[in-house]
Amino acid sequence: MSSPNASSSVLPPSTEEEEVDVIIRTFMQEQARNQGQRGRRNSVVDNIFRGEGQHLQETSSSPANADVGRQLAVIAVQLDEHFYHEETAQNIEVLERHPNNRSSNLGRIIQGVFQHGITAGHVMSLLIFGYRYINYLVNKGIDGAEGVCREIMSSIISYIRQYVITWIKSIGGWNGFLDEVKQYVKEQVEKLNNQITQQNLFVGFLVVVTAVNLGALYYRYK
């Protein structure tokens with residue numbers, strides 16, 4: 001019996017693994033492209049996010065996967081700006097307090113994102129955090145930034161493959177996930193609008209009370 005050659009011992013990624021890789025890397029590439037439009041594009045960041053993703057996008061049997069990644073990236077801009085920015089910054093600060101323990105601390109943060117279960121909001125939080133952290137490390141210019149950032153990308157992709165993909169399949173696959181994200185954003189916007197309305201009502205109430213009190217003082221000392 002002849003021994004197998006090297007190429008036969010390497011198994012190609014499954015369709016499911018390929019979908020995860022394409023969608024997440026496309027998401028990250030699109031985020032980098034958006035940042036580039038603001039004048040902060042970095043070729044190292046592009047290379048990290050591309051990885052094997054460029055090859056996968058060209059050979060994938062479902063080009064729609066890349067489109068899902070792009071749509072998620074568009075939504076992520078609003079989520080990051082209005083809902084996740086402060087939380088993400090805090091997580092990055094925690095990791096950078098102990099740079100020698102990035103790998104183990106990163107694992108804790110990823111697990112912490114899902115400590116109350118898997119939701120569309122939690123998955124988006126992880127993806128946004130991943131992009132922001134990688135971009136932060138590259139811009140900071142740490143030694144071996146590209147290798148560190150590739151490890152972060154691999155950790156995020158691996159976690160989603162192992163622990164999140166089953167949930168995504170249960171809600172109708174990535175298109176179902178995209179619908180869940182859109183619904184989540186709608187709910188968050190409604191909550192924000194309600195908070196703004198309540199704050200405006202409260203401010204209006206204070207203005208009325210102040211006016212009444214000033215009027216009473218005026219007539220009292222007139």
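Since this is a predicted model, take the numbers as computed values, not measurements.
- The two residues Met28 and Leu127 come nearest to each other via the heavy atoms CE-O, 3.5 Å.
- Annotation: the span from Met153 atom CE to Ile24 atom CD1 amounts to 7.0 Å, rounded to 0.5 Å.
- Panel note: side chain Ser125, backbone Gly121; no donor-acceptor pair is recorded below 3.5 Å.
- At most 12 non-hydrogen atoms from other residues, nucleotides or ligands lie less than 6.0 angstrom from CD of Glu86.
- Within the 4.5 Å cutoff, the side chain of Met124 has heavy atoms near those of the Leu72 side chain.
- To the nearest 0.5 angstrom, Asp179 atom CG is 13.5 Å from Trp174 atom CH2.
- When all heavy atoms are compared, the tightest approach of Ala89 to Arg132 is N-NH2, 3.8 Å.
- The closest donor-acceptor contact from the side chain of Asn135 to the backbone of Tyr131 lies at 3.5 Å or more, if one exists at all.
- Considering only heavy atoms from C-beta on, Tyr184 stays 4.5 Å or farther from Thr119 through its side chain.
- Counting heavy atoms from C-beta on, the side chains of Leu106 and Phe129 come closer than 4.5 Å.
- Within the model, atoms CD1 of Ile165 and CD1 of Ile157 stand 12.0 Å from one another, a figure rounded to the nearest 0.5 Å.
- The environment of His82 atom NE2 is dense: over 12 non-hydrogen atoms of other residues, nucleotides or ligands sit within 6.0 angstrom.
- The two residues Val138 and Cys149 have their closest heavy-atom pair at CG2-SG, 3.9 Å.
- Using a 4.5 Å cut-off on side-chain heavy atoms (C-beta onward), Tyr133 and Glu96 make contact.
- Between Arg102 and Glu151 there is no salt bridge, since no side-chain N of the basic residue sits under 4.0 Å from a carboxylate O of the acidic one.
- Ser158 places no side-chain N or O within 3.5 Å of a backbone atom of Ser155 that could act as its donor or acceptor partner.
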| field | Intermediate values then yes/no, side-chain contact (heavy atoms from CB on, under 4.5 Å), Ile118 and Ile168 | value | CA-CA 9 Å; Ile118 301 174; Ile168 289 176; over 6 Å; no

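- For the pair Ile156 and Gly130, the tightest heavy-atom approach, listed with the atom from each and the gap, is CD1-CA, 3.5 Å.
- Lys140 NZ to Ile92 CD1: the interatomic distance, rounded to the nearest 0.5 Å, is 10.5 Å.
- Looking at Arg150 and Glu146, a side-chain N of the basic residue comes within less than 4.0 Å of a carboxylate O on the acidic one, giving a salt bridge.
- Note: the hydrophobic cluster containing Ile75 also contains Ile171 (ILVMFWY, side chain heavy atoms under 4.5 Å, direct or indirect links).
- The closest donor-acceptor contact from the side chain of Asp21 to the backbone of Glu17 lies at 3.5 Å or more, if one exists at all.
- Residues Ile134 and Val148 form no side-chain contact, since every pair of their non-hydrogen atoms from C-beta on lies 4.5 Å or further apart.
- You'll find the side chain of Val164 reaches within 4.5 Å of the side chain of Tyr159, heavy atoms only.
- Using a 4.0 Å cut-off between charged side-chain N and carboxylate O, Arg161 and Glu16 make no salt bridge.
- A side-chain N or O of Gln71 and one of Asp67 form a donor-acceptor pair less than 3.5 Å apart.
- A pairwise comparison of heavy atoms in Ala76 and Gln31 identifies CB-NE2, 3.9 Å as the closest pair.
- One distance of note links CG of Leu79 with CD of Gln188; it measures 8.0 Å at 0.5 Å rounding.
- In the hydrophobic clustering of ILVMFWY residues, with side-chain heavy atoms under 4.5 Å counting as a link, Val113 and Tyr163 come out together.
- Tyr84 and Val94 are members of different hydrophobic clusters when ILVMFWY side chains are connected at heavy-atom separations under 4.5 Å.
- A donor-acceptor pair under 3.5 Å is absent between the side-chain atoms of Thr26 and the main chain of Ile23, judged by distance alone.
- Remark: the Gln111 side chain and the Gln115 side chain contain no N/O donor-acceptor pair separated by less than 3.5 Å.
- Between Ile109 and Leu95 the shortest side-chain heavy-atom distance falls below 4.5 Å.
- Between the CZ atom of Arg97 and the CG atom of Asn105 there is a distance of 10.5 Å, given to the nearest 0.5 Å.
- Leu126 has its side chain within reach of Phe114: a pair of non-hydrogen atoms, C-beta onward, lies under 4.5 Å apart.
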